[in-house]
Amino acid sequence: MKRKTQRLDKLLAHAGVGTRSEIKQLVRAGAVTVDGVRVKDSGRQTDPEHETIQVDGETVRYREFLYVMMNKPPGVVSATEDNRDRTVLDLLDAGIRHYELFPVGRLDKDTEGLLLLTNDGKLAHNLLSPRKHVPKTYYAEVEGLVGEEDRMRFADGVELDDGYRTLPAQLVVLEAEESREGARSRIELTIHEGKFHQVKRMFQAVGKRVIYLKRLTMGTLRLDPELKLGTYRELSEEELHGLKGGESQ
Ligand code: URA
């Protein structure tokens, strides 16, 4: 099998050891070894899967891809850059910025909850592909009394304001009650596509308004209830495996 090699300085920069010039200095100072042999040329080719790379005696853990689950807070946009607003990338620690993560799909600025960030374009593509119908479950609070009729209409698919008919979606009404403030419902909705503002527009199609929206799941991935708003963690092996298994859904 052909071995996958790459430049040592590039690999170390990607692993977060430092900038290319800092790495050059480390090499010059004799701090970098490959399989125990001191490196002289920071541009040499290395094979991270078969060679042990150490900096100051510490083994460098090399990973090409990173997978992060974030509990997106309201008020930040799920984009890689924005002229006006803070983006979800601004919430990441400097130590992982070099991975060049991007959000897998979008949540509205005011939507909270599960957002996957990765630099694995293939996985992102598979999760977002319209042909795969990866299910996404949202929790929402809605103005109005959501009931059986809405459940049936969503199960059939509803027509959005632009004439698009959604795929069947599963609505679970958790609570629907009238109070002095008016009628309010708490629901969970599972959709199998990702049209712009889809959940809000589906409720608009049945004459109701979403006032709070949070994503709970994407494919097999479930928002960790321990994750506070605005924080994130790496996916576990199991979660990643589940998502990758879901690629062929
Ligand atoms: N549907 C919406 O309306 N907004 C989101 O952010 C996600 C799904």
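One-based numbering, in listed order, for ligands and for the atoms of each.
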Residue pair E100, H14: steps toward the side chain to side chain donor-acceptor pair (under 3.5 Å) verdict: CA-CA 9 Å; E100 298 181 349; H14 194 200; over 6 Å; no
Working for side chain to side chain donor-acceptor pair (under 3.5 Å), residues E64 and Y62: CA-CA 7 Å; E64 187 176 7; Y62 173 78; 5.1 Å; no
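For CZ of R165, the number of neighbouring non-hydrogen atoms (other residues, nucleotides, ligands) closer than 6.0 Å is greater than 12. The 12-atom threshold is not exceeded at CZ of R106, counting heavy atoms of other residues, nucleotides or ligands nearer than 6.0 Å.
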Quick check for students: name every N or O atom pair between ligand 1 and the protein closer than 3.5 Å, with distances.
residue	atom	partner	partner atom	Å
ligand 1	1 (N)	Q198	N	3.4
ligand 1	1 (N)	V199	N	3.1
ligand 1	3 (O)	H197	O	3.2
ligand 1	3 (O)	Q198	N	3.4
ligand 1	3 (O)	V199	N	3.3
ligand 1	3 (O)	K200	N	3.1
ligand 1	4 (N)	D108	OD2	2.7
ligand 1	6 (O)	D108	N	2.7
ligand 1	6 (O)	D108	OD2	3.4
ligand 1	6 (O)	T111	OG1	2.9

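Checked against the 6.0 Å centroid threshold, Y67 and Y99 do not count as a close aromatic pair.
Ion pairing between a basic and an acidic side chain is recognised when a charged N comes within 4.0 Å of a carboxylate O; K195 and D162 show no such pairing.
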